[in-house]
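Worksheet: the structure to be examined is printed underneath.
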Number of protein chains: 2
Amino acid sequence: MMLDERKKKILQAIIRNYLETGEPVGSRTISKYTDLNLSSATIRNEMADLEELGYIVQPHTSAGRIPSDKGYRLYVDSMMEENAKQVEELKEMLVEKEEKMDHLLKQVAKVLAVNTNYATMITAPRCQRNKLKFIQLSRVDENQLLAVIVIEGNVIKNSMISISEHLDDETMLKLNMLLNTHLNGLSIEDISLGMITALKQQAGHYGTIIGDVIDAVAETIKEDEDLEIYTSGTNNIFKYPELADNRRASELINTFEEKQLLSQLIDDSDTTEPGHEIKVYIGEEAPIQTMKDCSIVTANYEFGEGMKGTIGIIGPKRMDYEKVVGTLKTIKVQLDALYQQDDKKKLP
Amino acid sequence: MMLDERKKKILQAIIRNYLETGEPVGSRTISKYTDLNLSSATIRNEMADLEELGYIVQPHTSAGRIPSDKGYRLYVDSMMEENAKQVEELKEMLVEKEEKMDHLLKQVAKVLAVNTNYATMITAPRCQRNKLKFIQLSRVDENQLLAVIVIEGNVIKNSMISISEHLDDETMLKLNMLLNTHLNGLSIEDISLGMITALKQQAGHYGTIIGDVIDAVAETIKEDEDLEIYTSGTNNIFKYPELADNRRASELINTFEEKQLLSQLIDDSDTTEPGHEIKVYIGEEAPIQTMKDCSIVTANYEFGEGMKGTIGIIGPKRMDYEKVVGTLKTIKVQLDALYQQDDKKKLP
DNA sequence: TGTTAGCACTCAACTCGATAGAGTGCTAAT
DNA sequence: ATTAGCACTCTATCGAGTTGAGTGCTAACA
């Protein structure tokens, strides 16, 4: 049986109402709530059908109905009206652009959390293939060298290297030359063992230093790959009684704290095909076990040069999908734009 | 009235028992629990005294007694027996020393949380006065300079500077010389406006670059001063029913998330005089309003060159003070030692 | 004089039954 | 096809009664 227009309207009304109240919604309520001018008895009949079709369920015999995962899914897929919400305030907050990436990300997470009343997370943009862009060795004091490593996307890392003998300026220059001419533009896969030994040989007496530097490079790139995740508004879950009981809350808080658990979510939402950058997970669809009573909405933003980051909003299944998707779209656009801006600033 | 030995023993027994069970403890329990061989009636008399003195309270008329803040305080101050706990496991985990400071700190927080079953926090070591140690300008590409800034304690920060014209090697060298000879060893207060203009003049055509670099230096030092706080095991609060009700849990989780709220705690515990590096806050003594149902134990560790960090453990008032203080002491020693080790490695 | 046994009393927590009320399903009338 | 009406179901809530842990007090005891 296909859903006729009226059934759809009723389902939509049920969901909308449930989103607001969090309580099972009965036939009488719908009869008044909609502009269908139907009696509660008729609604009851329709609701019985909808239940049989699996779009709504009864928590117990004499209670109203609440949407099932399938019901939410239909709602999200086809029934949500697009409307440009007032996210102006949000835009403004983002405009005062933070200098540092991590500050910016933390702020975005926070703004999102405050705005939506759900828990949020965001990852820093990450590269698929990291290429080495630039290496600089300098002498900090008698016993220490500083290696500065810049990789594609202007990610910069530093590493201290201990040395046991003095290096004069000329040697420093030579080592820098050697490293840059041979390593620039290479990704971690490109740097072979053969190349390393060759370099060490060329450096002669200073081979160990070259070795140390290359180790540092490898570590830098590796480190950039294990991603940083920022979360905010986790205590928002207490606003939704269906998530706030002790066991569930504890599990959720833990998931948010153990960032690596969230990475499953990132990985999953990462595979989005272009044009569908926003994903919605409802209940059991979630890739994380502890979130099976939640809904999750994720969006991928781009930061140029193939760098992508992920934003996620986690809330109860009766999430205000319209608002969340709308807000995420806005944020995504803002973040995408941010990179363009950066780009322009670079070439005045 | 001074507490005689027996009253002390009874109080101690009450506290110990309450720590275990979390339930009010009655006279009969104590009569059995201790080796005093007293009847419950006698205990009752003593308990009445203890209550009058304010060391214990009754939640309601016909319930057992629980320790008051004052009772805990006495316990912590004078009645805790020092005993070397088995923190070997913990030592081992710390021994596999992480390269990166933030990794290490996160791990410490986690190990502590798992070990104690309380929520934990830790700050990175922070300097009182940051002196500039070394500056390095290098050319990354046609339009960008990279300024690497090293401050005392080997904190390293990077900053990109956009340039509109090509700089040749000689100029780069000159600028580096200029910056290092004039700025090294200075703290932020030492860099006067006069000095800046003088430097800019010397740099002539490249004065704006010098300005940019100095801005970056200022920002770097400032950034290092607003401290990073890592937390772990926040969901442990759900293990203690007296903290796990919705309102309290939400407030606590929020406090842990809004790191800046925790900084009040840091500031307060920072003022510790030498020899008393471990502080215990009980209930209302806590400098953070939301934690007035908790107890907090903090320790300061040192990282040489006047850098100090803070570790904190937050749990219910019926916290196992002995274990916590013992564990914190161990961790503190480990962290203190870590620096010494680092120091040695520097001078082989 | 300190300790203890005994007893009456208190109070939170639990159980049980009754009740109210929201909501349903079914049937018969429109 | 829709609706009014009614019997039915189930949860939530409230109050009464019960239980049991624990106290305070008193009188007896060593």
Side-chain angles (χ1 to χ4, degrees), chain A residues 1-11 13-15 17-18 20-68 71 241-242 245, chain B residues 1-11 13-18 20-68 71 241-242 244-245:
Chain A
M1 194 206 299
M2 220 1 234
L3 284 191
D4 57 29
E5 209 47 45
R6 199 172 70 176
K7 281 195 172 55
K8 274 189 190 170
K9 271 201 168 176
I10 291 172
L11 177 57
I14 293 172
I15 295 181
N17 191 278
Y18 182 65
E20 279 175 27
T21 65
E23 297 291 313
V25 13
S27 53
R28 220 182 99 84
T29 314
I30 298 302
S31 146
K32 287 186 180 173
Y33 194 79
T34 58
D35 48 1
L36 290 171
N37 273 335
L38 293 173
S39 78
S40 61
T42 316
I43 303 291
R44 274 204 289 284
N45 289 330
E46 295 288 42
M47 279 164 94
D49 290 350
L50 283 171
E51 179 160 13
E52 198 178 341
L53 291 167
Y55 292 106
I56 54 182
V57 291
Q58 265 183 306
H60 55 85
T61 327
S62 72
R65 311 299 219 282
I66 64 176
S68 67
E242 64 266 47
D245 70 293
Chain B
M1 193 206 299
M2 219 6 232
L3 284 190
D4 58 28
E5 209 46 46
R6 200 171 73 177
K7 280 196 172 57
K8 274 189 188 170
K9 271 201 168 174
I10 292 172
L11 177 56
I14 293 171
I15 296 181
R16 289 260 169 82
N17 190 278
Y18 182 66
E20 279 175 27
T21 64
E23 297 292 315
V25 13
S27 52
R28 218 182 101 84
T29 315
I30 298 300
S31 146
K32 287 186 181 173
Y33 193 78
T34 58
D35 48 3
L36 291 172
N37 274 334
L38 293 174
S39 76
S40 62
T42 313
I43 303 291
R44 274 204 289 284
N45 288 331
E46 296 288 44
M47 281 164 95
D49 290 350
L50 285 170
E51 178 161 14
E52 199 177 340
L53 291 167
Y55 292 106
I56 52 181
V57 291
Q58 265 183 308
H60 55 86
T61 326
S62 72
R65 311 302 218 281
I66 64 175
S68 67
E242 64 266 46
D245 70 292

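Labels below follow one simple rule: chain letters A, B, ... track the order of the sequence lines, proteins then strands, and each chain is numbered from 1.
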Please report the C-alpha distance between A:Ser27 and A:Arg44 in whole Å, then the side-chain angles of each, then the deciding distance to 0.1 Å, and finally whether the side chain to side chain donor-acceptor pair (under 3.5 Å) criterion is met. CA-CA 6 Å; A:Ser27 53; A:Arg44 274 204 289 284; 3.2 Å; yes
Answer whether the closest heavy-atom distance between the side chains of B:Leu50 and B:Arg65 falls below 4.5 Å. no
D:dA1 P sits how many Å from A:Ile10 CD1, rounded? 15 Å
At under 4.0 Å, does any side-chain N or O of B:Thr61 touch on OP1 or OP2 of C:dC11? yes
Is the shortest side-chain N/O distance from A:Ser40 to OP1 or OP2 of C:dG23 below 4.0 Å? no
Could you tell me if the side chain of B:Arg28 sits less than 4.5 Å from the side chain of B:Ile43, heavy atoms only? no
Which nucleotide, D:dC10, C:dT4, D:dG22, lies nearest any side-chain atom of B:Thr29? D:dG22
Within the 4.5 Å heavy-atom criterion, are B:Tyr18 and B:Pro67 side-chain neighbours or not? yes
Side-chain contact check for B:Ser62: nearest option of D:dA21, C:dA5, D:dG24 is D:dA21
Nearest-angstrom distance from the residue atom CD of A:Glu51 to P of C:dG25: 7 Å
Of B:Asn37 and A:Ser27, the one whose closest DNA chain C nucleotide lies more 5': B:Asn37
Once you round it to whole Å, what is the distance between P of C:dG25 and CD of A:Gln58? 6 Å
To the nearest angstrom, how far is B:Arg28 atom CZ from C:dA5 atom P? 12 Å
Rounded distance in Å - CD1 (B:Ile43) to P (C:dA5): 12 Å
What integer distance in Å separates A:Arg44:CZ from D:dA1:C1'? 16 Å
Contact class for A:Thr42 vs. all strands (heavy atom < 4.0 Å): base, sugar-phosphate, or nothing? base
If only side-chain N and O atoms of A:Ser39 are considered, is one of them under 4.0 Å from the OP1 or OP2 phosphate oxygen of D:dT3? yes
Student check: side-chain heavy atoms of A:Ile66 and A:Val25 closer than 4.5 Å: no
Length of the CG-P vector between A:Leu38 and D:dA4, whole Å: 11 Å
Just checking B:Ala63: base, sugar-phosphate only, or nothing, at a heavy-atom cut-off of under 4.0 Å? sugar-phosphate
Selection from D:dG24, C:dG25, D:dT3 that lies nearest to any side-chain heavy atom of A:Ala48: C:dG25
Rounded to whole angstroms, how far apart are CD on A:Glu23 and P on D:dT11? 15 Å
For a quick test of reading the model: is some side-chain N or O of B:Arg65 closer than 4.0 Å to OP1 or OP2 of D:dT23? yes
